Number of protein chains: 2
Amino acid sequence: MRNRLKVLRAERGWSQQDLAERLEVSRQSVNAIETGRYDPSLPLAFRIADLFGMAIEEIFQRGE
Amino acid sequence: MRNRLKVLRAERGWSQQDLAERLEVSRQSVNAIETGRYDPSLPLAFRIADLFGMAIEEIFQRGE
DNA sequence: GTGCCGTGTCAATGACGCTTGACAAACCAG
DNA sequence: CTGGTTTGTCAAGCGTCATTGACACGGCAC
């Protein structure tokens, strides 16, 4: 899966740490998802979508 | 997460085995997701949404 | 009744998601 | 140059996702 997390985060001027706190996950998890080392669980994908006010499909796309 | 998998499957007259084959997962995985024993991975959630021609959010909702 | 199908569930195994703690490199501030 | 922030990455550990193989039960055909 590809994702637009890094862009969305940068648009808001947040560090990985900031985002991690808002999502209630570790900074390493945010980093791993951004760098494509793994995909988030479905519940976390929902929290991410909620935080950015978007649909999951607008943030995550197949590919890679 | 709650999900409407069982209903959507029944609407199409598919067995768990039928659905499992279309999703390329085991029958046990379909059953576990339907009975709420665990949530699918994000990639599998995408395959499910694609199969039913719906958004992930239309099939899976928070709760439980 | 016997047989088959669909479903629910168990155990064991392997891969993935997420954690904490740590370290290094790049960057800019002072 | 020194110090703080940010990012990338590693390792170890634990719980979850998904697998195969197996078993039990209810429903329906015959």
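Every value quoted in this text rests on a predicted model; they were computed, and no experiment measured them.
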Give every pair of a protein N or O atom and an N or O atom of nucleotides 10-13 of chain D that lie under 3.5 Å apart, one pair per line with the distance.
none

Give the angle between the helix axes at the two ends of the helix from C:dG1-D:dC30 to C:dG30-D:dC1, taking five base pairs at each end and rounding to 10°.
30°
Determine whether a donor-acceptor pair (N or O, by modelled atom type, separation under 3.5 Å) exists between the side chain of [X] and the backbone of [Y].
X: A:S29; Y: A:V25; value: no
X: A:N3; Y: A:Q61; value: no
X: B:R47; Y: B:L23; value: yes
X: B:E57; Y: A:A55; value: no

Measure the distance from [atom1] on [X] to [atom2] on [N] and round it to the nearest whole Å.
X: A:Y38; N: D:dC17; atom1: OH; atom2: P; result: 14 Å
X: A:I33; N: D:dT9; atom1: CD1; atom2: C1'; result: 15 Å
X: B:D39; N: D:dG15; atom1: CG; atom2: P; result: 18 Å
X: A:R47; N: C:dG17; atom1: CZ; atom2: C1'; result: 11 Å
X: A:L44; N: D:dC17; atom1: CG; atom2: P; result: 12 Å

Look up atom [atom1] in [X] and atom [atom2] in [Y], then write down how far apart they are to the nearest 0.5 Å.
X: B:S41; Y: B:F46; atom1: OG; atom2: CZ; result: 10.5 Å
X: B:L19; Y: B:I48; atom1: CG; atom2: CD1; result: 7.0 Å
X: B:D39; Y: B:M1; atom1: CG; atom2: CE; result: 6.0 Å

Enumerate the salt bridge (Lys or Arg N to Asp or Glu O under 4.0 Å) contacts for residues 9-34 of chain B, please, sequence neighbours excluded, ordered by first and then second residue.
B:R9-B:E34
Give each protein N/O atom lying under 3.5 Å from an N/O atom of nucleotides 28-30 of chain D, with the pair distance.
none

Please tabulate the protein-to-nucleotide N/O contacts below 3.5 Å involving nucleotides 28-30 of chain C, giving atom names and distances.
none

For D:dT6, take OP1 and OP2 only and decide whether either is under 4.0 Å from a side-chain N or O of A:K6.
no
Give me the atom names and distance for the closest heavy-atom approach of B:A45 to A:L42.
CB-CD1, 3.9 Å
Specify the closest pair of heavy atoms between A:P40 and A:I33, including all atoms of both residues, with the distance to one decimal.
CB-CD1, 3.7 Å
Closest to the B:N31 side chain: D:dT7, C:dC18, C:dT7?
C:dT7
Using a heavy-atom distance cut-off of less than 4.0 Å, which residues of residues 7-26 of chain B contact DNA chain D?
B:E24, B:V25, B:S26
Say whether A:F60 and A:M54 are linked into one hydrophobic cluster, either directly or through other cluster members, by side-chain heavy-atom distances under 4.5 angstrom.
yes
Under the side-chain contact (heavy atoms from CB on, under 4.5 Å) rule, what do B:R62 and A:D50 come out as? Steps first, then yes or no, please.
CA-CA 11 Å; B:R62 358 185 117 281; A:D50 285 358; 2.7 Å; yes
Contact class for A:S29 vs. all strands (heavy atom < 4.0 Å): base, sugar-phosphate, or nothing?
base
Determine, step by step, whether B:L5 and B:F52 satisfy the side-chain contact (heavy atoms from CB on, under 4.5 Å) criterion, reporting the C-alpha distance in whole Å, the side-chain angles of both residues, the deciding distance to 0.1 Å, and the verdict.
CA-CA 9 Å; B:L5 210 53; B:F52 290 110; 3.7 Å; yes
Quiz item: A:R27 side-chain donor-acceptor pair to C:dG21 base, under 3.5 Å
no
Quick check: on DNA chain C, is the nucleotide nearest B:A32 upstream (toward 5') of the one nearest B:S41, or the reverse? Name the residue that is more 5'.
B:A32
